[in-house]
Each structure stands twice: as C-alpha cells, then as structure tokens.
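A short worksheet on the structure shown next.
Each chain gets a letter, A, B and so on, in the order its sequence line appears, and its residues count up from 1. Everything numeric in this text was worked out from a predicted model, so none of it was measured.
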Protein chains: 2
Amino acid sequence: MKPKQAAVVLIAHGSRLEAANEEVRRLAVRLAERLGQTVIPAFLELASPSIPEGIDQALNGNPSEIKVLPYFLTQGRHVQEDIPKLLADKARAYPETPIRLLNYLGAEEAIVDCLAETARR
Amino acid sequence: MKPKQAAVVLIAHGSRLEAANEEVRRLAVRLAERLGQTVIPAFLELASPSIPEGIDQALNGNPSEIKVLPYFLTQGRHVQEDIPKLLADKARAYPETPIRLLNYLGAEEAIVDCLAETARR
C-alpha cells in the first residue's frame, strides 16, 4: 500500500465568467504537477465544485491531511469568516482527516517579489 | 536635475472593507521600498484614489513612464476591458508620458511558485 499523501484544495471566489474559473482550474493542474500531489480547485460561489464538494473530492482519495489554499488577495469576510466556517463544518463531519487552512495568497511575502519582478520589465 | 524615473500604479479592485484596501496600500509601500520607485495604489471602485486619480498622482511626479500593475488574480472584464479603457483615456489626455499596462498578477508564472511554497508547509 502506498503511504498516504496530503491533498490540496485551491479555493477561489468563483466568477460569472467561465474563462476566469477555467484559469483557476488550469492553475490547479499546474500546481499539482509542481507538487506531485492532488490539487482540487473549489469555488466559494458562482462555479463548481463548491468548497464542501471540493473537500469531499479530496477526502475520497483518503489523504493524510487536506491543505486548503485560499486564492485570495485580501483578507475580507470570505477569508476571515466564510471559508473557515465551511471548513469547520467539514472537520466536524470527518474528524479523522485533518483539514488545515493555510495563508491566503495575498498574505505571502513572495507576492511582493512577484510584483517587483513584473514591475522591473 | 535627477534623471526621470518610472512610476508604478498598483491597481486593485477595491473593497467595502477598509481593512482590505489598507492591505493594498501597505503592499504599495513595501513594493516602493523594494523597487526604489514611487508606487501609487489605486482602486477600480469602492476606495480612493480611483484609477484616474492614481494616474494623475503619478503624472505629478513627472515620471519617465507609468507602469500599471493590476493586482488581480483572473482575467475578468475588469482586467480585459475596464482598466485598459481608463488607461487609454488618460493616455489620450497626456500623450507625452507613456502609460504601460503590465501583466495582471494571476498571469505570472511566479504565482505557481508562491502557491507551491505555501502548500509545502
């Protein structure tokens, strides 16, 4: 039996523009290739799968833990309240698998590096 | 006389939550320190300064050019239409200073690096 691996759920807001949701799904594919781990895209609203559905998909793979990565730039109500609440509900329903909420993207110091690199062009 | 420098305008969507707008303003300060250049935060809606006001602030410094950096994750209508239109209006009004629209953040390959680094924790 293979040792269990962590799974990643990449959470984005979701858009009425399907092209924007597709960008997130493509990003999840590239991140999965980079990490060598399952990365499931999930959306707070307006697109599928929802966050609970995305967590369910991740749980189906029987991961060692689920790492949740919010693809958000600023810490609004979604990052502070909505996402933690949805994850807490899932954690109560499936206590055997740890669900760990990581930093939202905008909180990462590397964002400054990335913007600086773009601005130097 | 000092040689002219480029100025950067960092454009975010803007939020009803003032704390989220403040995050963008703090990010502009950190980016300015990193680049050693003026970085002016500006908002598409819901916060000040607006994009035209931010461009005006940048023009007041008599820059060699203005680099516009959209702090957006996906290429929706704002990135594709609204921002280019506002910049084109300004470029017509001030043809002597080049205004250059750079990649929105989500289009940068470095975003995958940043997410991968977060997910490895």
- [ ] Could you tell me which of B:C114, B:S15, B:A110 has the largest number of non-hydrogen atom pairs under 4.5 Å with chain A?
- [x]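 Ranked by contacts with chain A, first place is B:C114.
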
Hydrophobic cluster identity match, [X] and [Y], side-chain contacts under 4.5 Å:
| X | Y | value |
| --- | --- | --- |
| A:L10 | A:I55 | no |
| A:V9 | A:Y94 | yes |
| A:I40 | A:V24 | no |
| A:L44 | A:I99 | yes |
| B:F43 | B:I51 | no |

Which portion of [X] sits near chain A, non-hydrogen atoms under 4.5 angstrom:
| X | value |
| --- | --- |
| B:L31 | both |
| B:T118 | both |
| B:V8 | side chain |
| B:E23 | side chain |
| B:D113 | both |

Open item on the list: Counting heavy-atom pairs under 4.5 Å with chain B, which one of A:L27, A:L115, A:L102 comes out on top?
Closed with: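 The candidate making the most pairs under 4.5 Å is A:L115.
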
TODO: Select, from A:A119, A:A12, A:G76, A:A19, the one with the greatest count of heavy-atom pairs under 4.5 Å involving chain B.
DONE: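 Among A:A119, A:A12, A:G76, A:A19, the one with the most close pairs to chain B is A:A119.
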
Open item on the list: Applying the side-chain contact (heavy atoms from CB on, under 4.5 Å) criterion to A:R120, which one of B:Q37, B:K67, B:R34 satisfies it?
Closed with: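 Only match with A:R120 under side-chain contact (heavy atoms from CB on, under 4.5 Å): B:R34.
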
Task: B:R100 atom CZ, neighbour heavy-atom count above 12 within 6.0 Å - done: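 Counting neighbours around CZ of B:R100, more than 12 heavy atoms of other residues, nucleotides or ligands fall under 6.0 Å, so yes.
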
Task: Pairwise side-chain contact, A:L73 with B:H13, heavy-atom cut-off 4.5 Å (strictly under) - done: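 No, every pair of side-chain atoms sits at 4.5 Å or beyond.
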
TODO: Look up atom CD in A:E22 and atom OG1 in B:T74, then write down how far apart they are to the nearest 0.5 Å.
DONE: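 Those atoms lie 12.0 Å apart.
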
- [ ] Apply side chain to side chain contact (heavy atoms under 4.5 Å, CB included) to B:L105 and A:I111, showing your working.
- [x] CA-CA 9 Å; B:L105 183 66; A:I111 285 295; 3.8 Å; yes

Task: Portion of A:E109 that has a non-hydrogen atom of chain B nearer than 4.5 angstrom - done: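 The answer is both parts of A:E109.
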
